[in-house]
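To start, the structure itself, in C-alpha cells.
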Number of protein chains: 2
Amino acid sequence: MTASRALRGTGDVSPETLKKVRLAAQQIGYVGNPLAASLSGKRSGLIGVVVPSVSNIVFAEVLAGIADGLDGSGLQPVFGVTDYDETREAELIQSMLAWHPAALIVAGLDQPDATRNLLQRADIPIVQIMDTDGDPVDVCIGFSHRDAGREMAGALLARGARRMAYIGSSHALDTRARKRFAGFETRLNEAAQTFFDIQFVDGPSTATVGRGLTEQVLSDDPAIDAIYYSNDDLAIGGAYHCIAHGLSVGQDIHLAGFNGLEITKTLPVGLATTLTPRRQIGSKSVEMALAGLQKNAPLGPKRVTLQTQLLLPD
Amino acid sequence: MTASRALRGTGDVSPETLKKVRLAAQQIGYVGNPLAASLSGKRSGLIGVVVPSVSNIVFAEVLAGIADGLDGSGLQPVFGVTDYDETREAELIQSMLAWHPAALIVAGLDQPDATRNLLQRADIPIVQIMDTDGDPVDVCIGFSHRDAGREMAGALLARGARRMAYIGSSHALDTRARKRFAGFETRLNEAAQTFFDIQFVDGPSTATVGRGLTEQVLSDDPAIDAIYYSNDDLAIGGAYHCIAHGLSVGQDIHLAGFNGLEITKTLPVGLATTLTPRRQIGSKSVEMALAGLQKNAPLGPKRVTLQTQLLLPD
DNA sequence: TATGGTATCGATACCGGTATGGATACCAAA
DNA sequence: TTTGGTATCCATACCGGTATCGATACCATA
C-alpha cells in the first residue's frame, strides 16, 4: 500500500520511504499494471475515440490532435471507426463504455436517441467534436457547418457567381455536409439565387469522382459559373478537370471546397475553401475531457466554437 | 461462475441454464467488464498499435485496415503516435505493454536494440508492418522499399530519363524512404547513372514544399529530366509546378512519387508512382496477430511480402 | 506526566471477472 | 444394490492494484 502511494505520489509517504520505494521499483524493473489500477480505482486509464472514418485525412488529423493532447496524461486512446453507420456507432460506443473509459470523444452531434441515452447514462465526460450546430450530450467542440456554408455562398456571390451547382457526398451519411449544404442554400435563397445542378456522391469522396461529376455538371449546363463541393477532395477533382480543359478558374468558373487541405494551397488554379481547425479540435477535445474529469473544477462552457477561415484565391 | 461460462460459451453448461442466464443478462442489461476479464484471464482484449504519424494518410489508411480487420474479434485497438521519434516510440511501446495487450502492431523493422529487446521480452505476437527489408522481431508484413526504389529507377531509365534528381524527406527520420532511395540509387549505378541533385526535406512532406523544391532543382539544373520524390505529396507539388510553368510532364521531365495516393490518379499530368497496399497491410497484420494468439496453430510465415504496383502514365 | 494532534504506515476489503478442483446428481453397468 | 462415470454446477482463490480506516510513533502543549 505504501509502495502504491509512493509510486503514484499520492501523499502520506515520508521522503525517505519514497526514495527507497522508487529505488526498489527501479531495481526490480517494476511496471504498474494499468488494467488492475483501472479495475480497482474508479478512474480508468483509457479514453475512447469514435470517428466515422480514419482513411479520411480530416479525421486522421483529429486523431493526431488527440494523440497530441493525450501526451503525458497517462491515458491511452482506444479508437473505433463507424464507417458512417449508426448501428455500428452504437455498438462501438457500447463496447467502448464496457471498458469504463475515463472519457469518450465522439464525432458529431446527431446521434440517434438510443445512442444519446447510452452516452448520457455513462457517467463520464462525453466530448462531441467537429460540429456545434445542435445540442451536445455533455460538451462539444468544433465549428458551425451551417455558418461555413453560408459564408462560402456569400463569398461566391460577392465574386459575381450566379449560376451555382453542388457536388457532394450523399447526405444520408454525412450530417455535417448536409448542414453546410443547408447553410449555403439558405444564403442563396436570401440572394434570390438557387442551385442549377446538384449531384450527390455515394461512397467515398475522391478527386476522381469530383473530376467526373464536374465534367458532367458542366456539360449538363455550361453556363454554371460556380460549383460548391462538399469537401476539398471532390473540389480538387474539379480543379483537375478545369486544368485539363483549359477553363480559367476564377474567370470562367469558381470552385469552392471545404476543409482547407494542405494540398489545395499550392494548387495551380485558385480554389476557394474553408480552413477547418482539425488538429486543434482533437487536442482541445482532450483538454475538455480532462477538465470534465476534475470533480470540483469549475465547469467549462458546454459548447466551444472554433473559428474556420475562409480561404479565397487572389 | 456458471453465468460466466454461459455467457462466454465455454462448455459445461446445460442448455436450459444457458438460456436462463442469457435471459437474465438480457433483462438486467448486463454488460461484461473487459477490464476485469483482461486482468483475470491470461488474455487481454486490447491490441496495441504504434505508428509514426496519423496525419499522414498512408498510416491513417493502415489504421483503417486495422480497425477493419479487428471488427468482430472483440479486441479494441489502442493507438500511439511516435512522430518519428525513437525515444517516444520506446516509451509508447513500454506503456502499451503495461496494459498487457493481446498483441502489438508496430510500424517499421528498424527499432533500436533496446526497443527490440522490449518487444522480444513481451510474450505476445508482435507484428511489424510496412517494411520487409530486415529481420522482424516476430513476424512482419509489408513490402520491400528497396525493390520499389529499384523498380522505379528502372522504369524512369526505360523512359529515357538520364539526368535525375531526388527530393525527399529527411532520411534520419524515415528509414523506409531511405531504403527506397538506396534501391533507386543502386539501380542508377548499375546503369552508370547518378543523381545530379538531391534535396532533403526536414519536417512534413507537403505539396507546397514539393513545389518549392522542384522549382529550385530545375533552376539549379534545367537539364534534369526526371525527379524521384520520396512520396506522392511532394511529387504532387512537383506536378503543380510543372503545370504552372507549362512544362510537359512525360516529355520535358518525368516525375515519380510513391504510394499511389488516390489523388494522383486523376492528376492532369502524368505522374509515375508506386501503389502500396496500405489498407491490406492493416487488415492482414491483424490476421497475423490473431493467428499468433492461437497457441497450437501452425506458425504462419515470419515475413509476408505484399505486392506493390508500379503506376506509369501513358 | 497526561493529552491531543499529526505524520506515516499497513491490514483488510474490495474492483469484476476467470481457473481450478471439488460437490452433487443422475444414469448405466456389474 | 453397489460402483463408477459423466454432466453440471458452485465455492474458493486468485489477477494486481486502490480506498478506507485503524495502528503506531512521535512531538508539542497543557
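Reminder, nothing fancy here: chain letters follow the sequence lines and each chain counts from 1.
Every residue two or more places apart in sequence or in another chain that forms a side-chain contact (heavy atoms from CB on, under 4.5 Å) with B:Ala3 is listed here: B:Val21. Checked against salt bridge (Lys or Arg N to Asp or Glu O under 4.0 Å), A:Asp135 has the following partners two or more places apart in sequence or in another chain: A:Arg303. Here B:Pro34 pairs with A:Ala98, A:Trp99 under the side-chain contact (heavy atoms from CB on, under 4.5 Å) rule; sequence neighbours left out. In this structure, the side-chain contact (heavy atoms from CB on, under 4.5 Å) partners of A:Lys179, at least two apart in sequence or on a different chain, are A:Asp110, A:Asp131, A:Asp133, A:His145, A:Arg146.
Across all strands shown, B:Ser14 has heavy atoms under 4.0 Å from sugar-phosphate atoms exclusively, and none from any base. Nucleic acid contact class of B:Thr17 (heavy atoms, under 4.0 Å, all strands): sugar-phosphate only.
The CG-C1' distance, from A:Leu35 to C:dG16, rounds to 12 Å in whole Å. Atom-to-atom, CG of B:Leu7 to P of C:dA19 comes out at 14 Å; the value is rounded to the nearest Å.
For the pair B:Asp12 and B:His100, both in contact range of DNA chain D, the more 5′-proximal nearest nucleotide belongs to B:Asp12.
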Sequence-aligned protein contact record of nucleotides 17-28 of chain D, with B where the base is within under 4.0 Å of a protein heavy atom and S where only the sugar-phosphate is:
BBBB--------

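Atom CG of B:Leu104 and atom CD of B:Gln128 lie 9.5 Å apart (nearest 0.5 Å).
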Distance-only criterion, 3.5 Å: show the donor-acceptor pairs between side-chain atoms of residues 55-69 of chain B and protein atoms not counting sequence neighbours.
from: B:Asn56; atom 1: OD1; to: B:Val58; atom 2: N; distance (Å): 2.8
from: B:Glu61; atom 1: OE1; to: B:Arg278; atom 2: NE; distance (Å): 2.8
from: B:Glu61; atom 1: OE1; to: B:Arg278; atom 2: NH2; distance (Å): 3.1

